[in-house]
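Have a look at the structure below before the remarks.
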Number of protein chains: 2
Amino acid sequence: MTQKLTKIQFLLLYGLALGSLLLLSLMAWSNYRFMVIDHATELYLLLIAGVFVSVGIWVGLRWSAPTIIEKMVLVPMPTSAVSPEPNQQVLEHLGISPRELAVLVQLSKGLSNDEIAGQLFVSTNTVKTHLANLYTKLDVKRRTQGVEKARVLGLV
Amino acid sequence: MTQKLTKIQFLLLYGLALGSLLLLSLMAWSNYRFMVIDHATELYLLLIAGVFVSVGIWVGLRWSAPTIIEKMVLVPMPTSAVSPEPNQQVLEHLGISPRELAVLVQLSKGLSNDEIAGQLFVSTNTVKTHLANLYTKLDVKRRTQGVEKARVLGLV
DNA sequence: ATTCAACTCATTCTTTCGGGTGATTTTCGC
DNA sequence: GCGAAAATCACCCGAAAGAATGAGTTGAAT
């Protein structure tokens with residue numbers, strides 16, 4: 001129960017919920033009322049609209065979120081004042097992938113695994129996998145060491 | 001992209017199909033002549049649903065877009081010149097004792113509780129007590145947050 | 001001498017981390 | 001289309017961390 005819904009479970013529930021909502025809306029929309037209060041049509045429409053917009057927003061964030069970090073990595077750093085360019089060099093040398101860097105950034109904020117998972121729209125298991133790989137590549141044992149090392153390497 | 005569907009896409013469509021099937025079966029069960037008379041209503045609903053989802057996705061993208069810029073600005077900020085001595089001010093204001101500061105310093109190095117205990121010649125329980133007090137005074141929940149806050153406050 | 005803050009340590013309990021393994025899915029280049 | 005790398009997710013298990021208490025010990029300052 002402490003574990004979140006799996007993707008398949010979520011999608012199944014989504015399908016069921018969507019069907020139910022469609023059913024409700026259709027019943028309300030049409031005048032074929034057999035178990036629907038017909039004067040609540042507007043409320044139903046508002047509910048439908050809200051749910052669909054929410055789903056759309058979620059989908060939008062879900063699909064656009066991974067691009068954020070990747071763009072961060074790809075965009076050349078304009079700073080060059082203090083840190084010349086430790087970013088790409090170190091990243092490539094250590095073999096840190098864009099997704100792993102994203103986890104590392106969130107990690108440096110002091111977020112927990114669950115919070116990182118929420119930020120990046122993945123499961124906590126995925127976060128743990130990325131972290132394990134990061135610990136290997138950064139040659140550290142703990143997350144606090146990882147934060148420290150990422151900081152001195154200019155990765156965050 | 002125009003190739004075969006990914007699993008997620010397939011499951012989404014499956015969810016949609018499942019919902020639609022449920023809807024249709026219920027419709028047929030409740031009122032079979034509905035299909036004959038105005039089957040245009042369901043198409044209309046599907047269109048509405050599609051529009052709402054599209055709007056939601058668009059809104060989601062609008063919201064995530066500024067995040068890109070924001071993070072791009074925030075990320076390239078390196079560790080610039082640190083203030084020489086904001087130390088005592090903050091320490092007294094937060095009521096951090098010398099012993100707690102010692103723990104905090106070791107903590108920022110990425111040491112574990114046992115290692116900190118070894119460094120300071122105290123038991124692990126004592127370290128945990130100091131840390132608990134530090135978390136309260138620093139107003140943080142986790143040790144990584146404590147490290148981050150101690151760093152921005154110039155305590156380490 | 002008494003008050004008080006800091007320091008110390010313990011116990012119990014819950015949550016979170018991390019290691020290890022295996023698997024599927026997605027992406028991307030060739 | 002194929003293969004490799006990347007990404008995702010699950011499961012188990014032990015270790016570490018943290019929350020919530022209670023309590024004993026010091027070393028001043030009043």
Side-chain angles (χ1 to χ4, degrees), chain A residues 1-11 62-63 65-70 73-74 91-92 94-104 106-107 110-147, chain B residues 1-12 14 91-92 94-104 106-107 110-147:
Chain A
M1 190 54 194
T2 53
Q3 196 76 15
K4 292 178 181 177
L5 287 176
T6 64
K7 190 174 297 180
I8 294 180
Q9 289 172 333
F10 169 77
L11 287 175
R62 176 72 170 79
W63 287 73
T67 351
I68 298 177
I69 303 300
E70 292 175 5
V73 178
L74 291 180
L91 283 181
E92 191 167 350
L94 295 181
I96 295 179
S97 69
R99 205 56 172 163
E100 289 168 347
L101 176 62
V103 174
L104 189 57
Q106 301 302 119
L107 179 69
L111 302 187
S112 68
N113 289 350
D114 273 336
E115 290 170 339
I116 296 176
Q119 287 289 319
L120 301 182
F121 294 95
V122 295
S123 74
T124 57
N125 297 305
T126 305
V127 174
K128 289 170 64 177
T129 302
H130 286 318
L131 281 180
N133 295 332
L134 276 172
Y135 294 156
T136 301
K137 294 176 180 177
L138 290 177
D139 189 29
V140 295
K141 288 289 184 183
R142 280 171 293 278
R143 60 169 44 206
T144 42
Q145 283 185 350
V147 172
Chain B
M1 208 70 72
T2 56
Q3 305 300 322
K4 68 176 183 179
L5 293 173
T6 65
K7 185 181 181 182
I8 290 182
Q9 290 169 335
F10 169 75
L11 285 175
L12 270 177
Y14 175 71
L91 283 181
E92 189 168 350
L94 296 181
I96 296 179
S97 68
R99 206 56 172 164
E100 288 169 347
L101 178 62
V103 174
L104 188 57
Q106 301 302 118
L107 179 69
L111 301 187
S112 68
N113 288 352
D114 275 336
E115 290 170 340
I116 297 176
Q119 287 290 319
L120 302 182
F121 297 97
V122 294
S123 77
T124 309
N125 298 304
T126 304
V127 174
K128 289 167 74 173
T129 301
H130 286 319
L131 281 180
N133 295 332
L134 275 172
Y135 295 158
T136 301
K137 293 176 181 176
L138 290 177
D139 189 29
V140 295
K141 287 290 183 182
R142 278 170 294 278
R143 58 170 42 207
T144 43
Q145 283 185 349
V147 172

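In what follows, every heavy atom counts, from backbone to side chain, and hydrogens, waters and symmetry copies are set aside. Letters A, B, ... mirror the listed sequences (proteins, then strands); counts begin at 1.
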Q. Looking at B:Ser123, does any N or O in its side chain come under 4.0 Å of the phosphate oxygens OP1/OP2 on C:dC9?
A. yes
Q) Less than 4.5 Å apart, any side-chain heavy atom of A:Val103 and any of A:Leu131? A) yes
**Q.** Comparing B:Phe121 and B:Gly95 on DNA chain C - which has the more 5′ nearest nucleotide
**A.** B:Gly95
Q: Take the protein atom CG of A:Leu120 and the nucleotide atom P of D:dA6, then report the distance between them rounded to whole Å.
A: 18 Å
Q. With a 4.5 Å limit on heavy-atom distance, are the side chains of B:His130 and B:Ile116 in contact?
A. no
Q: Provide, to the nearest angstrom, the distance between the CD atom belonging to B:Glu100 and the P atom belonging to C:dA5.
A: 14 Å
Q | Salt bridge present between A:Glu115 and B:Lys141 (N-O < 4.0 angstrom) | A | no
**Q.** Under-4.0 Å side-chain N/O to phosphate OP1/OP2 contact, A:His130 with D:dA7
**A.** no
Q) Atom CG of B:Leu91 to atom C1' of C:dA6: distance rounded to whole Å? A) 15 Å
Q) For the pair made of CZ in B:Arg99 and C1' in C:dC9, what is the distance, rounded to whole Å? A) 13 Å
Q. Below 4.5 Å, heavy atoms only, C-beta onward: do B:Leu138 and B:Leu104 meet side chain to side chain?
A. yes
Q: Would you mind classifying the nucleic acid contact of A:Ser97 as base, sugar-phosphate or nothing, using non-hydrogen atoms under 4.0 angstrom?
A: sugar-phosphate
**Q.** Spacing between A:Lys137 atom NZ and D:dA5 atom P, to the nearest angstrom
**A.** 12 Å
Q.
Using 0.5 Å steps for rounding, measure from the OH atom of B:Tyr135 to the CZ atom of B:Arg142.
A. 10.0 Å
Q.
Could you tell me how far apart A:Asn133 (CG) and C:dG22 (C1') are, to the nearest whole angstrom?
A. 14 Å
Under 3.5 Å, which protein N or O atoms sit close to an N or O of nucleotides 17-20 of chain D? Give each pair with its distance.
{"unit_1": "D:dA17", "atom_1": "OP1", "unit_2": "B:Asn113", "atom_2": "N", "d": "3.4"}
{"unit_1": "D:dA17", "atom_1": "OP2", "unit_2": "B:Asn113", "atom_2": "N", "d": "3.3"}
{"unit_1": "D:dG18", "atom_1": "OP1", "unit_2": "B:Tyr135", "atom_2": "OH", "d": "3.2"}
{"unit_1": "D:dG18", "atom_1": "OP1", "unit_2": "B:Arg143", "atom_2": "N", "d": "3.1"}
{"unit_1": "D:dG18", "atom_1": "OP2", "unit_2": "B:Tyr135", "atom_2": "OH", "d": "3.0"}
{"unit_1": "D:dG18", "atom_1": "OP2", "unit_2": "B:Arg143", "atom_2": "NE", "d": "3.2"}
{"unit_1": "D:dG18", "atom_1": "OP2", "unit_2": "B:Arg143", "atom_2": "NH2", "d": "3.4"}
{"unit_1": "D:dG18", "atom_1": "N7", "unit_2": "B:Lys128", "atom_2": "NZ", "d": "3.1"}
{"unit_1": "D:dG18", "atom_1": "O6", "unit_2": "B:Lys128", "atom_2": "NZ", "d": "2.9"}

Q) Is the backbone of A:Asn113 close enough, under 3.5 Å, to the side chain of A:Lys128 for a donor and an acceptor to pair up by distance? A) no
